[in-house]
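As structure tokens, the structure follows; a few thoughts come after it.
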Amino acid sequence: MPTAENAIAVTHRNSACPAVGELWSLAGEDRHGIYLGDGLWNVLSCINDEYTLGQVTGLEPLAPGSVQPAGLHWADQFDALAEADGLRITWAEEILTYQNQGWDKIRKLRPAVTLAILR
């Protein structure tokens with residue numbers, strides 16, 4: 001039986017105790033993150049105009065997000081974080097963009113490669 005010396009801690013759903021795989025709003029610079037356990041979070045970051053997931057420690061969870069990832073797969077996390085951050089992108093769209101950029105680079109290189117072979 002609980003007493004003042006032996007209290008039972010009650011964890012409410014809105015307390016800052018995320019479960020692995022949950023998306024939460026965060027204090028500070030990163031607006032949302034997905035908890036991976038042991039203080040580690042996946043956050044969406046933009047590097048050289050490309051969005052990617054990055055792992056960060058030391059973040060303070062505020063509240064569970066209204067959007068949750070469908071699973072722990074990279075694409076599921078990317079899509080949920082992008083939606084939570086108000087971005088209009090998905091992992092599938094980002095992949096198509098990367099593929100198109102790669103094909104553009106190949107097309108630009110092709111004349112130079114052909115010319116080198118002919119010499």
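The figures here come from the full heavy-atom set of this structure, side chains too, leaving out hydrogens, waters and symmetry mates.
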Can you sort out the partners of Thr52 under side chain to side chain contact (heavy atoms under 4.5 Å, CB included), two or more places apart, ordered by chain and number? Ser45, Ile47, Trp74
Taking all heavy atoms of Gln101 and all of Glu50, pick out the closest pair and write down the distance. OE1-OE2, 3.8 Å
How would you list, by chain and number, every residue that makes a side chain to side chain donor-acceptor pair (under 3.5 Å) with Asp85, sequence neighbours excluded? His32
How far does OG1 of Thr57 sit from CG of Leu40, to the nearest 0.5 angstrom? 7.0 Å
Just wondering, do Glu93 and Leu96 contact through their side chains at under 4.5 Å, heavy atoms? no
Return yes if some donor-acceptor pair links the side-chain N/O of Gln55 with the main-chain N/O of Trp41 below 3.5 Å, else return no. no
Show the nearest heavy-atom pair for residues Pro18 and Trp24, with the distance to one decimal. CB-NE1, 3.3 Å
Applying the 4.5 Å side-chain criterion to the ILVMFWY set and letting contacts propagate, would Val56 and Val20 be lumped into a single cluster? yes
Under 4.5 Å between any side-chain heavy atoms of Pro64 and Leu23, yes or no? no
Distance (rounded to the nearest 0.5 Å) between Asn100 CG and Ile95 CD1: 11.5 Å
Tell me which donor-acceptor pairs under 3.5 Å the side chains of residues 77-84 have, and how far apart each pair is, sequence neighbours excluded?
unit_1	atom_1	unit_2	atom_2	d
Gln77	OE1	Asn42	ND2	2.6
Gln77	NE2	Leu72	O	2.8
Asp79	OD1	Trp91	N	2.7

Rounded to the nearest 0.5 Å, the CH2 atom of Trp103 sits from the NZ atom of Lys108 at a distance of 15.0 Å
Look only at the side chain of Tyr98 and the backbone of Gly102, and say whether a donor-acceptor pair between them is shorter than 3.5 Å. no
Please answer: with hydrophobic residues joined when any side-chain heavy atoms are less than 4.5 Å apart, are Leu26 and Leu36 in the same cluster? no
Donor-acceptor contact present, side-chain Ser25 to main-chain Ala63, <3.5 Å: yes
Closest contact, heavy atoms only, Tyr51 versus Glu94: N-OE1, 3.7 Å
